[in-house]
Amino acid sequence: MEVVRTVGRQSLKVTLPDGSQREAPSGATTADIAAAIGPGLARSAIAGRVSFAGHTQVYDLDRPLPGDCALKILTASDDDPDSLMVLRHSAAHVMAEAVCRLFPETKLVYGPPLEDGFYYDIDLGRSVSADDIPRIEAEMARVVQENRPFCRYEMPRVPAMEKLRDEGNRYKVDNAERAEGDTLSFYVTGENRGKDFEDLCRGPHIPRTGLIKAFKVRQVSRSHYRGDVNDQPLQRLYGTAFFKQASLAAYLEQLEQAKKRDHRVIGKELGLFAISEAVGSGLILWLPRGAVVRTQLQQYLTEEMLKLGYDLVYTPHVGQLGLYRTSGHYPYYEDSQYPAMFETERGKAIQGVLQLALRVKDRAGAERDQGLAAVRGMLRAVEGTWGTLEGLRGDAALEQVIERLYAALTDEPGYLLRPMNCPHHIQIYAARQRSYRDLPVRLAEYGTVYRFEQSGEISGMTRVRGFTQDDAHLFCTTDQLAAELATTVKLTRSVLETLGLHDYRVRLGLRDESSNKYVGSPENWKKAEAAIRQAAIESGMQYTEEPGEAAFYGPKIDFLVKDCIGRNWQLGTVQADYNLPERFDLTYIGSDNAPHRPVMVHRAPFGSMERFVGILIEHFAGAFPLWLSPVQVAVATVSEKSDEYASSVYQTVKAAGLRAELDTSSEKIGPKKHRLRNAKINYILVVGEQETAGRSVNVNDRDGRSVGNMTLDAFISACRTEVESKGRTRVGGA
RNA sequence: GCCACCGUAGCUCAGUUGGCAGAGCAGCGGUUUUGUAAACCGCAGGUCGUCGGUUCGAAUCCGACCGGUGGCUCCA
């Protein structure tokens, strides 16, 4: 083995992942270290992950190491997420070059790697269509074929900014302005600076384009600069890349497979739920089979809650507007609620003007002028009937008109389809005087709420306009808060565990201090955040803190899972709330005989029944464990000769409390089993002349496994064990 | 809400240049009486999302609306 000689006075010490150390001359690169270790590693090395002075950063292969550091040499491997990040970042540059070659007027915006690929946002006058994708890929293939090196160069900030301004791309100027440091770095895809494609970029990149052995441009969609809908619309080109063709093929295959788990497809096939245009979009109709799954889940959770001292309550789906004015839901979140139902003619009329005014607000030009004139006309009619609205002049700007219209509705009576259950539960708490001896009061309800989600957001069961939360509100003293939060977090985790949902992420949603969407005092928020953070830490879970993700009344711990196409969904949630008790002036009488303010915990382990079942359908690909399964057992006859025995088997199974189906159709047993397996029925009892004679059943599962013959009693008892153990024990073992 | 694409039988889909609306599965009726991953024959099923326009003629071209899909934004 070659020994790296220390040249000059200075050298650096590199610690490798196995703990061994190497000395290298100052200025040595990852490539140098790799070469010193061995030629194989030198060939496959693409970058280095460097830990230095408490920071970890990926370095280009030929970038000098910063000093004594820990180094992991990244190789061209599709198994290493760090390597893939580097590759995909480079692939984004290659795609950008391809797009610029095809459409020279393209302005590049921003092109980061993603967990499973990359994208590049571009500003381009014409729209890139699906037909353009093959052309882009062909151009990319050319760049890859040319196997050009990625060459980094740096410039001091001032001349670099000047250079970017000269190029006339405002996005790059913006990006550079937000970049840290005194120098800006650029990457040229090739050796000819000034001639080859280059991009402002922090790096790192793979050494050569030829390493991108497999790539695919997946789709084009629309985005906005900095995510601001009022800013420049951009086109976002999504792609992915791998070091090996086989990995790409496997990835695409996996995507195909994942699509087959889609709850919208399986839900239809298995008759679990339906959405009817006649009812409305985002409104779920639970079909009998889906209802079974939901009922079982609710039964399970209800039992757990009763063990934990919850009380069950029922409350209506609508409430007086005043209730939501107090809670803060109305009118601040009016956009995402079904419109309020005003009772008086005046209220309805003003609401009509207001709705038009709100529509006009988003328009521009002649449309806006026209709309504003219409609003003024309606206003005159309203004022003619009910008198001048307070503080409203005839020439008021639209924004002021809207403000005065809201003000004019302040005391108008009416109802709101509830967007949350908490105000109702709060009224139950407030229905009588509470003593400290009563606390915690834990009120639970499978409460249906309605939110008018934007039309483009609605999706299957995961994002809907009417949904049922497995909601509960715990009212407790400040001293009890920590324990209540801890128990609740534990309950939520145990629910996910029971269902085998292990792959979730935990988010601590905090208030964004610069936003005005939160109610309550900073002190309340401080206390609530401290409590919720404490609960997260004590649970021992990994979590990330995310400002801006809190509820409007308090911080929360959310449990997020991914659906079959990789979208994140919030399921369970645990929230600490000092604010609503204050807004509703809730009290309890303490041991000191004085009134005190309780604290609230809002929590929903499933989140919503709709979303949870949607995710579960995908998790199990429709093949529910026995305890949840809509149809647990099918009795199928070999021929008509066994109809009578099959019927008695079916009756016995039903009487034993199992959900069963009887198939005496005149098909052969092969096709029957095929159909029943596709219906994801857990166990198929084949009954023929042999079984009739032996008073047994022939047990088969839906995966094609034959358990063999057993007595009906043995089968039923095995099913009971399987149901009770929530699937930990299976009929026929295994 | 914004952008792109899509909408044909209960489901999955075909339908050429604008010229008689089709298949498989499911359903119904019959034949077969069946032994473990799709038997056979037949029947029925449609205002081609809706409304308007262009045309001698529209599933097909154009517009609006409704709905869906993907993304953006949003998710109290």
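In the text below, chain A, chain B and the rest are named by the order of the sequence lines, each starting its count at 1.
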Measure the distance from NZ on Lys268(A) to P on A9(B) and round it to the nearest whole Å.
-> 11 Å
Can you list the steps and then say if Glu399(A) with Lys361(A) is a salt bridge (Lys or Arg N to Asp or Glu O under 4.0 Å)?
-> CA-CA 8 Å; Glu399(A) 280 65 24; Lys361(A) 194 174 69 150; over 6 Å; no
Base of G35(B) paired with side chain of Glu691(A) (donor-acceptor, under 3.5 Å) | yes
Determine the interplanar angle of the Tyr238(A) and Tyr119(A) rings, folded into 0 to 90°, and report it as parallel if under 30°, tilted if 30 to 60°, perpendicular if over 60°.
-> tilted
OP1 or OP2 of C75(B) under 4.0 Å from side-chain N/O of Arg567(A) = no
Determine the interatomic distance between C1' on G53(B) and the same-named atom on U12(B); round to the nearest Å.
-> 33 Å
Is there a donor N/O on one and an acceptor N/O on the other, under 3.5 Å, for the side chain of Glu549(A) and the base of C75(B)?
-> no
Between Phe606(A) and Phe612(A), does the ring centre distance come in under 6.0 Å?
-> yes
With rounding to whole Å, what would you report as the distance between U50(B) and C13(B) at their C1' atoms?
-> 23 Å
Is Arg465(A) positioned over the aromatic face of Tyr450(A), cation under 6.0 angstrom from the ring centre and no more than 45 degrees off axis?
-> no
Which part of the nucleic acid does Ala636(A) contact within heavy-atom distance under 4.0 Å: base, sugar-phosphate only, or nothing?
-> nothing
Checking all strands, does Glu640(A) fall into the base, sugar-phosphate, or nothing category for heavy-atom contacts under 4.0 angstrom?
-> base
Give the rounded distance in Å between these two atoms: CD1 of Ile458(A) and C1' of G1(B).
-> 11 Å
Per atom distances to the Glu277(A) side chain, the nearest of C75(B), U36(B), C66(B) is C66(B)
Measure the distance from OH on Tyr645(A) to C1' on G35(B) and round it to the nearest whole Å.
-> 15 Å
Nearest-neighbour nucleotide for the His674(A) side chain, G35(B), G1(B), A38(B) considered | A38(B)
When all nucleic acid strands are considered with a 4.0 Å heavy-atom cut-off, which category describes Arg675(A): base, sugar-phosphate, or nothing?
-> nothing
Specify the separation, in whole Å, of atom CG of Asn709(A) and atom C1' of U36(B).
-> 12 Å
With heavy atoms under 4.0 Å as the rule, sort Pro419(A) into base, sugar-phosphate or nothing.
-> base
So what does Gly670(A) hit on the nucleic acid, given a heavy-atom distance under 4.0 Å: a base, only sugar-phosphate, or nothing?
-> sugar-phosphate
Using atom CD of Gln337(A) as one end and atom C1' of C75(B) as the other, report the distance to the nearest whole Å.
-> 13 Å
Tyr120(A) and Tyr110(A) aromatic centres sub-6.0 Å = no
Using a heavy-atom cut-off of under 4.0 Å over every strand shown, decide if Arg359(A) touches base, sugar-phosphate, or nothing.
-> nothing
Considering heavy-atom distances to RNA chain B, does Met420(A) or Arg677(A) have its closest nucleotide positioned more toward the 5' end?
-> Arg677(A)
Indicate, with a heavy-atom threshold strictly under 4.0 Å, whether Gln454(A) touches base, sugar-phosphate, or nothing.
-> base
Give the nucleotide from the list C3(B), C75(B), U12(B) with an atom nearest to the side chain of Arg222(A).
-> C3(B)
Does Tyr238(A) make a side-chain N or O approach to OP1 or OP2 of A4(B) shorter than 4.0 Å?
-> no
What nucleic acid atoms does Glu269(A) come within less than 4.0 Å of, heavy atoms only: base, sugar-phosphate, or nothing?
-> nothing
Does a donor on one side chain sit under 3.5 Å from an acceptor on the other, for Gln235(A) and Asp121(A)?
-> no
Nucleotide nearest Ile669(A) when distance is taken to its side chain, options G35(B), G70(B), G67(B) = G35(B)
Identity of whatever pairs with A23(B) - Watson-Crick or G-U, under 3.5 angstrom | U12(B)
Nearest-angstrom distance, C1' atom, A64(B) to G70(B) | 24 Å
Of all the nucleotides listed (A39(B), C75(B), G1(B)), which has the minimum atom distance to the side chain of Pro671(A)?
-> A39(B)
Kindly say whether, by distance alone, the side chain of Lys668(A) makes a donor-acceptor pair under 3.5 Å with the base of U34(B)?
-> no
Once you apply the 3.5 Å cut-off to both distances, tell me the Watson-Crick or G-U wobble partner of C40(B), or none.
-> G30(B)
Kindly point out which of U34(B), G35(B), G70(B) is positioned nearest to the side chain of Gln690(A)?
-> G35(B)
Rounded to the nearest angstrom, tell me the gap between atom CG in Asp563(A) and atom P in U69(B).
-> 12 Å
Touch class at under 4.0 angstrom, heavy-atom based, for Tyr518(A) against every strand present = nothing
Closest nucleotide among G70(B), G68(B), U34(B) to the Ser666(A) side chain = U34(B)
Between Ile681(A) (CD1) and A37(B) (P), how many Å, whole number?
-> 16 Å
Base, sugar-phosphate, or nothing for Ser336(A), non-hydrogen atoms under 4.0 angstrom?
-> base
Would you confirm whether Arg507(A), through its side chain, and Phe559(A), through its main-chain N or O, come within 3.5 Å as a donor-acceptor pair?
-> no
Check every atom of G70(B), U33(B), U73(B) against the side chain of Lys641(A) and return the nucleotide holding the closest atom.
-> U33(B)
Nearest-Å distance once atom P is located in both A59(B) and U47(B) | 13 Å
N/O (side chain, Arg264(A)) to phosphate O (OP1/OP2, G68(B)) under 4.0 Å | no
Sugar-phosphate, base or nothing in reach of Asn698(A), heavy atoms under 4.0 Å = base
Watson-Crick or G-U wobble partner for C65(B), using a 3.5 Å limit on both distances?
-> G49(B)
Partner of C2(B) under the Watson-Crick or G-U wobble criteria, both distances under 3.5 Å, comes out as G71(B)
Counting any heavy atom closer than 4.0 Å, what does Glu689(A) reach on the DNA or RNA strands: base, sugar-phosphate only, or nothing?
-> base
Carboxylate-amine/guanidinium proximity below 4.0 Å for Arg418(A) and Glu445(A) | yes
Distance in angstrom units between His224(A) NE2 and C2(B) P, rounded = 10 Å
Assess the pair Tyr429(A) and His473(A): is the distance between their ring centroids shorter than 6.0 Å?
-> no
Pick base, sugar-phosphate or nothing for Gly227(A), based on heavy-atom distances below 4.0 Å to the nucleic acid.
-> sugar-phosphate
Is a donor-acceptor pair below 3.5 Å formed from side chain Arg463(A) to base C74(B), judging by atom type as modelled?
-> yes
Taking for Arg702(A) and for Gln575(A) the nucleotide of RNA chain B with the nearest heavy atom, the one nearer the 5' end belongs to Arg702(A)
